[in-house]
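A short write-up of the structure that comes next.
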Amino acid sequence: MSFKTKMDEAAKSKGSRLVLALDFPFEAAENRDKIFVKAQEVLKAVHPYICAVKINHHLTLPLGTFDGVQRLVEQIRGQGMLAIMDAKVNDIGNTNQIIGEYYFAAGFDAVIANPFVGWEEGLKPLFDVSKRLNRGVILLTYMSHKGASEGYGQTIVDSETGEKTLQYVSFAKKALKWGADGVVVGATVPQKIAEVKQILGEKVAIYSPGVGAQGGAAETAVKAGANYLIVGREIVNSDNPAQAARILCDSTKGI
Ligand code: XMP
């Protein structure tokens with residue numbers, strides 16, 4: 001079963017399109033062991049309302065990939081969810097392949113990668129290893145922060161057609177051509193979610209971060225075509241993470 005199908009099934013069985021961004025603020029050395037316990041507690045509280053968990057450097061740096069993070073990934077998968085590593089893989093092909101191999105060895109179901117590096121000797125080796133191990137690759141297409149317009153929003157000349165196009169339109173087309181399992185388009189730019197949806201249909205899923213803390217609205221993003229919402233601080237920093245996750249989950253049911 002492909003990662004995309006596994007996500008479909010997890011979302012159906014959990015009745016949720018929420019991907020939890022399990023991010024915590026910086027902690028000084030003497031407090032770092034508390035991060036692992038906090039992560040376990042948040043997962044225990046919110047797992048009924050989410051279908052997947054996205055891990056970022058917030059956890060791999062203080063806990064280590066094969067120490068704390070691998071144990072959290074086991075907990076995540078044991079609770080019927082999938083685990084996504086937000087590595088934003090962005091290097092030469094050989095390095096990208098090895099980054100993927102380590103995260104897949106730690107149990108991750110998919111990694112996020114940056115299409116700016118291109119295909120040949122860029123992301124192709126990462127896609128090859130992900131297909132071989134039956135895991136997924138999700139491509140950045142239009143990020144959720146304001147400065148995204150400087151790169152993802154720029155007008156470019158398509159190297160194949162010679163025509164002017166927008167960078168994120170080109171990335172959405174590459175996601176189809178390269179067989180990506182998903183793309184990331186910010187919930188802060190719902191018009192761009194709709195444009196990307198026109199290109200991808202249901203062939204490639206749209207993941208939207210930026211709900212809550214960055215100003216995006218869950219319902220608007222889903223109405224524009226987002227399949228999954230990635231949410232961190234709105235849930236994790238809440239006094240009641242389970243309630244925050246349940247409210248978000250319910251707000252996008254039946255759209
Ligand atoms: P918040 O707290 O803003 O967390 O809900 C969002 C999480 O998602 C990451 N993020 C992104 N990841 N493409 C990505 O791959 C994006 O456009 C993007 N925007 C935010 C962010 O680092 C945090 O982990």
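None of the values given here were measured: they were computed from a predicted structure. As the structure lists them, so they are numbered: ligands from 1, and atoms in each ligand from 1.
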- Item | Structural part of I138 in contact with ligand 1, heavy atom criterion under 4.0 angstrom | neither
- Cluster check I235, I230: I/L/V/M/F/W/Y, side chain < 4.5 angstrom: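 I235 does not cluster with I230.
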- Query: Between M85 and V137, is there a shared hydrophobic cluster once you connect ILVMFWY residues whose side-chain heavy atoms come closer than 4.5 Å?
  - Reply: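 Yes.
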- Identity of the nearest option to atom 18 (C) of ligand 1, non-hydrogen atoms only, from P209, A213, G215, G232: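 Comparing heavy atoms across P209, A213, G215, G232, the nearest one to atom 18 (C) of ligand 1 lies in P209.
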Identify the protein heavy atom lying closest to [atom], giving its residue, its atom name and the separation to 0.1 Å.
atom	value
atom 6 (C) of ligand 1	Q214 NE2, 4.0 Å
atom 22 (O) of ligand 1	N56 ND2, 3.1 Å
atom 23 (C) of ligand 1	D23 OD2, 3.1 Å

- Message: Any salt bridge linking D8 with K12? Criterion: basic side-chain nitrogen under 4.0 Å from a carboxylate oxygen.
- Response: no
- Is the shortest side-chain N to carboxylate O distance from E160 to K177 below 4.0 Å?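 Yes, charged N to carboxylate O under 4.0 Å.
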- How are the rings of Y207 and F3 set relative to one another: parallel (under 30°), tilted (30 to 60°) or perpendicular (over 60°)?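 Rings of Y207 and F3: parallel, under 30°.
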Per-atom contacts, ligand 1 versus [X] - under 4.0 Å to a heavy atom:
X	result
I112	15 (O)
M143	16 (C), 17 (O)
L140	13 (N), 14 (C), 15 (O)
R233	1 (P), 2 (O), 3 (O), 5 (O)
A21	7 (C)
S144	17 (O), 18 (C), 19 (N), 20 (C)

- Message: Under 4.0 Å, counting heavy atoms only: does E234 come that close to any atom of ligand 1?
- Response: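 In this structure, E234 fails to qualify as a contact of ligand 1 - no heavy atom is under 4.0 Å.
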- Message: If the contact criterion is a heavy-atom separation under 4.0 Å, does H145 count as touching ligand 1?
- Response: no
- Exercise: do Q214 and T188 side chains pair donor with acceptor under 3.5 Å: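 Distance-only check fails for Q214 and T188.
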- Check: I84 main-chain N/O paired with D109 side-chain donor or acceptor under 3.5 Å: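 Looks like no, no N/O pair under 3.5 Å.
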- Is there a donor-acceptor pair under 3.5 Å between the side chain of K131 and the backbone N or O of G179? yes
- Message: Just to verify, which of F116, F171, F127 counts as forming a side-chain contact (heavy atoms from CB on, under 4.5 Å) with L139?
- Response: F127
- Any N/O of K88 closer than 3.5 Å to an N/O of ligand 1?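 Looking only at distances, the answer is yes, because the N/O contact criterion of under 3.5 Å is met.
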